[in-house]
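Heads up: the structure comes next, in structure tokens.
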Amino acid sequence: MLPAERLHLRHVLQTVSVLEAVVLRSFGPDGGQLLFTRDSGQVMLTRHGTRILTALRLEHPLARMVVECVWKHSAATGDGSKTFILLLKALLRKIHTHTSQEPGEGAAAKRLAEELLAFGLDELADVIDVRVSPYCSALSERKDAPDTNTLQSLMGGFLHTRLGRGHCEIIQRLTSEMLSQCACHDNLLVTSLSFIDAHFPALHTAISGFPIGSSRVIEGQVIHRDFSTPHPPADHRPIKVLMVTESLEPEILNGGTVLELDRIGGGGTGVGGVFAWAQNRLGCVFGGLQSLGVTLLLSSVKQSDATLALARRAGMSVVECVPEDELALSARLSGAEPVSDWSLIGRQNVAALTFCQPILLGAHRFVHVGYPRSTDEGHIQPPSLVVCGAEDGQTDQCVCALRDAFRMLLTTLEPIRGTGTSDRGRTLDTPHTRNTNKDTHTLREPPKEGVLVSGRVITVGGTFEWLLHRALLHTQSHTLLDAHTQSRTVSDSHTPTHTNIGSHAHSRILAEALLSVPRQIYSHSPHCYLQAQTQALRCLHDGGRTMDGSRTVKTESGSRETSSGSVFGCGLESVACKYRLILAVLQCVRVLLRTDAILHTHTPSHTHTHRHSNTPQQDSEEEN
């Protein structure tokens, strides 16, 4: 083992600065796309922050730790990966400036990080709710029936920094069509978003080699396999499906099975008798399937030649090697239970389909099935997405944008709940988050119940950061005034007291760090920065707003006029996502500053079979 490498705050700051230099190239509405190349010659063109960071071959453990924190936050909310790095760098720089002159810089930085996180968990939500939310718009008066225009503005603001303008319009249309067909009842939007988020891999088909305008929403489910036996005729009704997870043929005929012939029901008739007995049992299975009216078999495993032959003879269609997530979606939509034991097949395992046919998407032929719609208000019937792109990189980028858009909408609409207790070790999570990692690096439980009502949105372009910046400074000034008043009162009563004015530095540090976001948004246009800041502060004093995110401001003549997207940017953004982003960054700061040293261990060269992956669940297509 090599000697330990001592870490100082400046080392952490340098590492994060390198990551910031990478993401700044694609940050904001004017950011460009980054081109990554593989050793094989394949390329990836993207503006997606998480994909950019996870595509880097990072050797430094601190950099990998930061990327893992970003990945966890993005996986939970679908938003904010590039802003995460900017805000993290700004906070570390402010902490370094504040503690560099103190004798124990490391201890002071750790203490400040703890105070920042405690403030974020215990007070930040109240500050946002009291001093920022009044200047926000509601996505809808009823959380499950959002206003269409406001929803489109939210989607536009989200997609504008990820895709080109023409691509944004197409992805917005796909999202709207998906939600309108999925949530057929007003009270199903949040449930539908949760369903889409959980089953998104099985709900979309990526097709390269076609223009993105060919993307569309289609009814039913696309199973990404072809028929192993002839598909049912178009006029064949009814179509009944059975889902199986094991081979229908008795295990006795599987390769590798050892037979003791004297214990087989065929007696002493030899191997031929054993096979005859097994085939007879398989025939009985198909007899039972025919009695149940089964015409389609969806199997997660490959079936034997004997099974396929009997299926053809019985007029049954078979689809083999169906991916597990697609079989699970079929079971959810049909209401039938997959079976693993052929002897237990019953009517509860058979479901009806409205259609079953082949479908040609790109160069591949898949199976397209439909399920009858239910009148039950709790029943969700999502369509499938066909996402096209000129090449693999563009297609992947559009798929990621769609997935993150649904996750962002879910985060925006889902109420934030908490216990109201103070606990610095707790973490923030939501019911839709699929990450079950219990590591304390992830934030769960916000501090207060009832704050940050779901559906709050605010104009993009730094408005949230400016308003929260002023709110934090206002909060600090009142805290210091209260502390000074309390100190004088106690002094008048001749009672000794100690007021640590420096303990309130955390709110000022956070307030100053927040300004790094709008500064970078308008880095190419300082005039627009000043103009947007002025209008945001006028709104702070005036309080006027409209539902579409435009602001009502006073002119020099005293009249009132409405100013919309040209200065603030285009679209809206989610307040809940912003809140969760700040908490995630504060948690990451705490983790980084609590790391004192790095221990390098020597690994024998013969065990280097693969390179380190930045994230435990990183998709193979994101490794470059």
Side-chain angles (χ1 to χ4, degrees), residues 7-28 30-32 34 47-56 58-74 77 79-100 105-106 108-110 112-117 119-120 124 161 441 443 462 464-466 468-469 472 505-524 529 577-578 580-595 614:
L7 284 180
H8 300 282
L9 179 54
R10 65 178 181 276
H11 298 148
V12 180
L13 188 56
Q14 290 171 357
T15 300
V16 178
S17 297
V18 173
L19 297 177
E20 183 192 47
V22 175
V23 301
L24 281 181
R25 302 172 186 269
S26 61
F27 181 79
D30 299 322
L34 297 186
R47 295 178 66 187
H48 191 280
T50 306
R51 288 173 63 84
I52 291 173
L53 291 172
T54 54
L56 301 173
L58 300 174
E59 299 293 341
H60 200 284
L62 276 182
R64 295 201 298 266
M65 185 185 301
V66 172
V67 171
E68 184 177 352
C69 291
V70 174
W71 183 87
K72 288 180 178 179
H73 169 72
S74 180
T77 65
D79 192 21
S81 53
K82 289 178 283 191
T83 307
F84 188 109
I85 296 295
L86 263 67
L87 186 55
L88 177 63
K89 162 70 180 305
L91 279 171
L92 291 173
R93 185 174 63 247
K94 295 296 181 182
I95 293 174
H96 178 64
T97 302
H98 187 79
T99 61
S100 59
E105 178 185 0
K110 290 179 184 178
L112 197 51
E114 294 286 349
E115 292 174 356
L116 277 166
L117 182 58
F119 173 78
L124 179 61
T161 58
H441 295 190
L443 296 173
F464 176 86
E465 286 78 13
W466 276 316
L468 185 55
H469 167 81
L472 290 171
H506 54 266
S507 57
R508 184 176 70 255
I509 287 175
L510 179 57
E512 294 173 353
L514 286 168
L515 294 183
S516 64
V517 178
R519 284 189 184 120
Q520 189 56 46
I521 293 176
Y522 298 99
S523 60
H524 302 294
Y529 173 85
C577 287
K578 287 288 188 180
R580 293 175 186 278
L581 170 66
I582 295 174
L583 287 184
V585 172
L586 294 180
Q587 182 74 17
C588 185
V589 169
R590 176 175 177 259
V591 171
L592 291 174
L593 296 187
R594 290 179 65 184
T595 306
N614 290 316

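From a predicted model like this one, the values you see are computed outputs, not experimental measurements. This chain uses plain numbering: 1 for the first residue, then up along the sequence.
- Listed by chain and residue number, Q520 satisfy the side chain to side chain contact (heavy atoms under 4.5 Å, CB included) test with S523 (two or more places apart in sequence, or in another chain).
- Separation of atoms CG (L586) and CD1 (I582) is listed at 7.5 Å; rounding is to 0.5 Å.
- Applying the salt bridge (charged side-chain N to carboxylate O under 4.0 Å, His left out) test to K578 and every residue at least two apart in sequence or in another chain returns E465, E573.
- In this structure, I85 and L53 have side chains that are in contact, with non-hydrogen atoms separated by less than 4.5 Å.
- Here the CG atom belonging to L116 is positioned 12.0 Å from the CZ atom belonging to R590, to the nearest 0.5 angstrom.
- Counting only heavy atoms from C-beta outward, the side chains of L510 and L468 never approach each other to under 4.5 Å.
- Nearest approach of A511 to H469, heavy atoms of both residues: O-ND1, 2.7 Å.
- Legend: residues meeting side chain to side chain contact (heavy atoms under 4.5 Å, CB included) with A109, ordered by chain and number and at least two apart, are L9, I95, T99, L593.
- In this structure, F119 and H506 have tilted ring planes: the angle between them lies in the 30° to 60° band.
- What you find for V589 and A113 is that their closest heavy atoms are CG1-CB, 4.0 Å.
- Closest of all the heavy-atom pairs between G120 and L583 is O-CD2, 3.2 Å.
- Shown here for A513 and L91, the closest heavy-atom pair between the two residues is CB-CD2, 3.7 Å.
- Under the side chain to side chain contact (heavy atoms under 4.5 Å, CB included) criterion, V22 pairs with L34, I52, L56, sequence neighbours left out.
- For E512, the side chain to side chain contact (heavy atoms under 4.5 Å, CB included) criterion is met by K94, R508, not counting sequence neighbours.
- One N or O on the side chain of H73 and one on the backbone of D79 form a donor-acceptor pair closer than 3.5 Å.
- Here the straight-line distance linking atom CG of L13 with atom CG of L592 works out to 11.0 Å at 0.5 Å rounding.
- C577 has its side chain out of reach of L581: every pair of non-hydrogen atoms, C-beta onward, lies at least 4.5 Å apart.
- L514 is not listed as a side-chain neighbour of W466, based on a closest heavy-atom distance of 4.5 Å or more.
- The existence of a salt bridge linking E68 and K72 is confirmed by a sub-4.0 Å separation between a basic side-chain nitrogen and an acidic carboxylate oxygen.
- Evaluation of the side-chain hydrogen bond (donor to acceptor under 3.5 Å, both in side chains) rule for S74 yields T50 as partners, not counting sequence neighbours.
- Between L86 and L24, some side-chain heavy-atom pair lies under the 4.5 Å cut-off.
- In this structure the side chain of V66 never reaches within 4.5 angstrom of the side chain of L58, judged on heavy atoms.
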